[in-house]
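Notes for the one structure printed next.
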Number of protein chains: 2
Amino acid sequence: MSERISDAEHAVMEVLWKRAPMTAMEVAEQVVAEKDWSLQTVKTLLSRLAAKAVVGTERDGRRFLYSPLVERDDYLTGVSRNFVDRLFGGKVTPLVAHLAEADELSADDIREIEELLRELKK
Amino acid sequence: MSERISDAEHAVMEVLWKRAPMTAMEVAEQVVAEKDWSLQTVKTLLSRLAAKAVVGTERDGRRFLYSPLVERDDYLTGVSRNFVDRLFGGKVTPLVAHLAEADELSADDIREIEELLRELKK
DNA sequence: TTTCATCGACTACGGATGTAAACAATATCA
DNA sequence: TGATATTGTTTACATCCGTAGTCGATGAAA
């Protein structure tokens, strides 16, 4: 279960998560706008995603409409957990600590996160 | 620059980051203790890491001593940034928000992070 | 000095990935 | 109806990755 999504495939998913269903052409146009790939490449990625049942297809006359079968949130959760487990022993605090030390956290970020945590406690 | 470190290679690096320099045998023993790999596999990974100049070698008679050439902290920073960029648009807040929503944050975690942020502001 | 053990180097190999061309089916236009 | 464009399918191929066997050099032991 929960098939692996490669980096390139992920770029395709991001597009589909923004709007769906879409035809291969529509997806490809969006992706090609930011990743310098050929249309064929995007189609291949769509096929692989469909083969893995990460996106679903629905016939629309001569072509297909593609939609994600995996929620972006679920995907993010899986990937994030994996990430935190592998690099920070499964604890989020060390991750935040690390980002802070590496100056990846601005004062604004800190305020935002504090605000967020305050909300959470309610 | 900054060569990619694969998952398997990362396991080897973790061992070297704990103690260095070490001989291939010493590294392999540690790694094999937790990953069910053969000694040869670990040696191959060490060679690849050396080829990428992620670990350095120092001759010690007939064998080599291996040491990391990349700091664990630097590695974590790179990987974390990449992760946050790719999945959360470069912002840490959405990452934390996501982990919270996905119930990956315990009440203790929240307290810890708050404490950490308080420290940071000084 | 012959033999054996050790260690790094080289080779292997299937599967995943990034990237894309070629092809086949089909619909549309002239 | 025949040419053309569109769309999905198949095939390709180099590289990376996980995993490991084998080879050759060299040092140690007999």
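Just so it is clear, the values below take in all heavy atoms, side chains as well, and ignore hydrogens, waters and symmetry mates. Chain A is the first sequence line, chain B the second, and so forth, proteins listed ahead of strands; every chain is numbered from 1.
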Legend entry - Base D/dA20 paired with B/S38 side chain (donor-acceptor, <3.5 Å):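 Side chain to base: no pair present.
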Legend entry - Side-chain donor/acceptor of B/R48 to base of D/dG18, under 3.5 Å: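 When only heavy-atom distances are counted, B/R48 does reach the base of D/dG18 through a donor-acceptor pair under 3.5 Å.
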Measure [atom1]/[X] against [atom2]/[N] and give the value in whole Å, please.
X	N	atom1	atom2	value
B/D7	D/dC16	CG	P	16 Å
B/L49	D/dC17	CG	P	10 Å
A/D60	D/dT7	CG	P	10 Å
A/E9	C/dG18	CD	C1'	10 Å
A/L46	D/dT10	CG	P	15 Å
A/L65	D/dT7	CG	P	11 Å
B/K43	D/dC23	NZ	P	16 Å
A/L39	C/dA20	CG	C1'	11 Å

Legend entry - Shared hydrophobic cluster, A/I110 / B/F88 (ILVMFWY, side-chain heavy atoms < 4.5 Å):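 Result: yes, single cluster for both.
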Inset, instruction - Have a look at A/S6 and say if it touches a base, only the backbone sugar-phosphate, or nothing, with a 4.0 Å heavy-atom cut-off. - result: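 Sugar-phosphate contact only - A/S6 comes under 4.0 Å of backbone atoms but never of a base.
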Legend entry - Sugar-phosphate, base or nothing in reach of B/T23, heavy atoms under 4.0 Å: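 Answer is nothing: B/T23 stays at 4.0 Å or more from every strand.
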Inset, instruction - Please state whether the phosphate of D/dT26, meaning OP1 or OP2, lies under 4.0 angstrom from any side-chain nitrogen or oxygen of B/R63. - result: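 For B/R63, the contact criterion (side-chain N or O under 4.0 Å from OP1 or OP2 of D/dT26) is not met.
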Legend entry - Below 4.0 Å: OP1/OP2 of D/dA28 and any side-chain N or O of B/R62: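 Yes, because at least one side-chain N or O of B/R62 sits under 4.0 Å from OP1 or OP2 of D/dA28.
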By nearest atom, which of the nucleotides [options] is closest to the [X] side chain?
X	options	answer
A/T41	D/dT19, C/dT19, D/dT7	C/dT19
B/R4	C/dT19, D/dG18, D/dC17	D/dC17
B/F64	D/dT7, C/dA9, D/dA20	C/dA9

Inset, instruction - May I ask you to decide whether A/E115 forms a salt bridge with A/R118, counting only side-chain N to carboxylate O separations under 4.0 Å? - result: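 Answer for the salt bridge query: yes.
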Inset, instruction - Using the closest heavy atom to pick a nucleotide of DNA chain C for each, name whichever of A/Q40 or A/W37 lands nearer the 5' end. - result: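 Closer to the 5' end of DNA chain C: A/W37.
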Legend entry - Under 3.5 Å: donor-acceptor pair, side chain of B/W37, backbone of B/A28: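 Looks like no, no N/O pair under 3.5 Å.
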Inset, instruction - Please lay out, stage by stage, how B/H10 and B/V79 fare under the test side chain to side chain contact (heavy atoms under 4.5 Å, CB included). - result: CA-CA 11 Å; B/H10 176 235; B/V79 175; over 6 Å; no
Inset, instruction - Could you verify whether a donor N or O on one side chain and an acceptor N or O on the other, from A/D109 and A/S106, lie under 3.5 Å apart? - result: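 Looking only at side-chain atoms, A/S106 and A/D109 do form a donor-acceptor pair, the distance falling under 3.5 Å.
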